[in-house]
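Input: a single structure, listed below in structure tokens.
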Amino acid sequence: MTDLALPKFPADFAWGVATAAYQIEGAVAEDGRGDSVWDTFCRRPGAIRDGHTGDVAVDHYHRWPEDLALMAELGVNAYRFSVAWPRIQPAGSGAANQAGLDFYDRLTDALLAAGITPMPTLFHWDLPQPLEDEGGWLNRDTASRFAEYAALAAQRLADRIELWITLNEPFVVTTFGYGLGIHAPGKALLLDALPTAHHQLLGHGLATAALRASGAGQVAITNNYSPAWPASDSQPDQAATAAYDALHNRLFTDPVLHASYPDLSAFGVREIAGVRDGDLAVIAAPIDALGVNYYNPTRLSALPDSELPFQLEPIPGYPVTAFGWPVVPAGLTEILTTLRDRYGELLPPIYITENGCSLEDAQAADGSVDDDRRIGYLDGHIRAVADAMAAGVDVRGYLTWTLMDNFEWGEGYHQRFGLVHVDFGSQRRTAKKSFGWYRDLIAAQRG
Ligand code: BGC
């Protein structure tokens with residue numbers, strides 16, 4: 001499969017890698033950074049596999065020049081990273097901590113000098129703990145705090161950064177963080193978590209206005225999407241699938257693109273608590289791009305007499321990653337064409353802001369990692385993007401998850417997604433075989 005030449009992508013296509021602050025930076029107590037909900041959650045016994053924390057992560061805060069050199073070697077022209085809110089506002093409000101901004105300022109200048117476009121995400125899950133103490137995303141005020149923080153970041157950096165991403169995967173924050181309690185802040189509120197969806201979206205809308213007022217050229221939001229497949233063609237399974245689709249694929253997109261919430265009546269929800277007149281107009285402020293993260297489809301069956309009307313079913317017949325996630329490249333084409341069909345003219349250009357796989361990468365005695373399965377994964381998914389583009393979907397870039405192995409949330413350091421292997425003891429970085437493959441792909445696309 002990898003022998004066939006890839007189709008030629010447009011010359012200005014963004015080829016990149018993505019990371020997130022808490023997963024790579026470490027240095028959690030340096031230069032005035034405050035605690036985030038993830039610092040707190042990692043200290044909760046049993047929350048993270050083997051009690052791992054992001055205290056050190058892969059020490060990117062100190063080793064970023066080495067990581068940037070790796071990106072330059074890879075030949076990427078785009079780098080999606082996240083700004084740690086608790087570095088900019090340690091208490092979640094008030095004046096900017098200049099030392100925190102300095103870090104991203106230096107990174108931005110060095111990226112630009114290397115010909116790499118910086119693509120920051122403002123919120124990749126590390127909410128300042130003092131804001132969580134006031135209710136976190138359950139509290140409407142957090143949306144306003146987020147906009148203030150966005151303005152501080154843009155006032156410093158928007159003269160050099162064109163495209164800004166507000167939120168990363170608010171679906172995961174609402175469901176894993178506040179609905180099920182398996183991510184920070186560890187609240188298991190089930191459907192009572194829904195106000196966190198609205199407040200994040202409101203935060204996105206308010207931040208969009210604040211970013212533009214502070215000089216940002218383009219604004220986007222990144223969602224994760226998963227084609228929802230019914231386990232059977234029975235009516236209950238079809239209805240369960242539609243319910244899941246509304247929650248996962250529509251809840252964080254319909255309001256942004258057409259100012260309305262999807263039908264959540266399958267959950268017994270007539271309207272989301274906390275929505276006020278005018279909020280949807282704020283949320284639906286025009287955006288310049290949509291970030292799409294894709295990992296796998298979801299298969300569903302009905303679950304009668306339950307607060308959630310569906311249950312997840314295995315998807316047999318596909319290879320799986322170390323996480324057990326099915327590898328289904330065609331699912332990426334499917335979700336991209338679904339978005340186009342669903343939103344039509346309202347859909348802005350798309351960047352694939354994450355796509356990748358965790359594998360049990362074995363390191364040979366000489367340090368090399370022959371991750372042929374990752375090469376197959378990436379090849380299949382990049383072809384899937386090409387298929388969607390051939391079908392008329394406007395995709396402007398592909399940023400793989402991720403540059404280097406890192407702290408994988410509840411799994412700690414157990415899931416390796418990187419193109420670069422990291423020895424978590426010595427912090428030694430070693431390019432995997434997939435790194436060379438991606439480098440050659442990018443070079444061939446440019447050539
Ligand atoms: C997140 C990343 C995460 C990746 C793999 C995405 O949901 O944005 O932070 O590491 O998936 O689980």
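Both ligands and their constituent atoms are indexed starting at 1 by order of listing. Residue numbers run from 1 in the order of the sequence given.
Partners of R373 according to the side-chain hydrogen bond (donor to acceptor under 3.5 Å, both in side chains) rule, which considers only residues two or more places apart in sequence or in another chain, do not exist here.
Between Q23 and ligand 1, at least one pair of N/O atoms sits closer than 3.5 Å. Backbone and side-chain nitrogen or oxygen atoms of E354 are examined, and one is located within less than 3.5 angstrom of a nitrogen or oxygen of ligand 1.
Nearest non-hydrogen protein atom to atom 7 (O) of ligand 1 is E169 OE1, 2.5 Å. The closest protein non-hydrogen atom to atom 4 (C) of ligand 1 is Y295 OH, 3.4 Å. Remark: minimum distance from atom 12 (O) of ligand 1 to any protein heavy atom is reached at E408 OE2, 2.7 Å.
Ring orientation note: the planes of F41 and W38 are nearly perpendicular, at an angle over 60° on the 30°/60° scale. Ring geometry, W325 versus F417: the interplanar angle falls from 30° to 60°, so the pair is classed tilted. Relative orientation of the W85 and Y149 rings is parallel, given thresholds of 30° and 60° on the angle between their planes. Using bins of under 30°, 30° to 60° and over 60° for the plane-to-plane angle, the ring pair W409/H124 lands in the parallel bin.
For ligand 1, the atoms sitting less than 4.0 Å from at least one non-hydrogen atom of H124 are 1 (C), 2 (C), 8 (O), 9 (O), numbered in the order shown with element in parentheses. Of all the atoms in ligand 1, the ones that sit under 4.0 Å from a non-hydrogen atom of N168 are 8 (O). Here is the list of ligand 1 atoms found below 4.0 Å of a heavy atom in F417: 5 (C), 12 (O).
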CA sep, side-chain torsions, deciding dist, call: F123, W137, ring-ring contact (aromatic ring centres under 6.0 Å, His included): CA-CA 12 Å; F123 180 65; W137 288 111; 5.4 Å; yes
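Ligand 1 lies out of reach of Y294, whose nearest heavy atom is not under 4.0 Å from it.
Checked against H52 for a ring pair (Phe, Tyr, Trp, His ring centres under 6.0 Å), the options F424, F407, Y413 give a single hit: Y413.
Under 4.0 Å from ligand 1, not a single heavy atom of Y22 appears.
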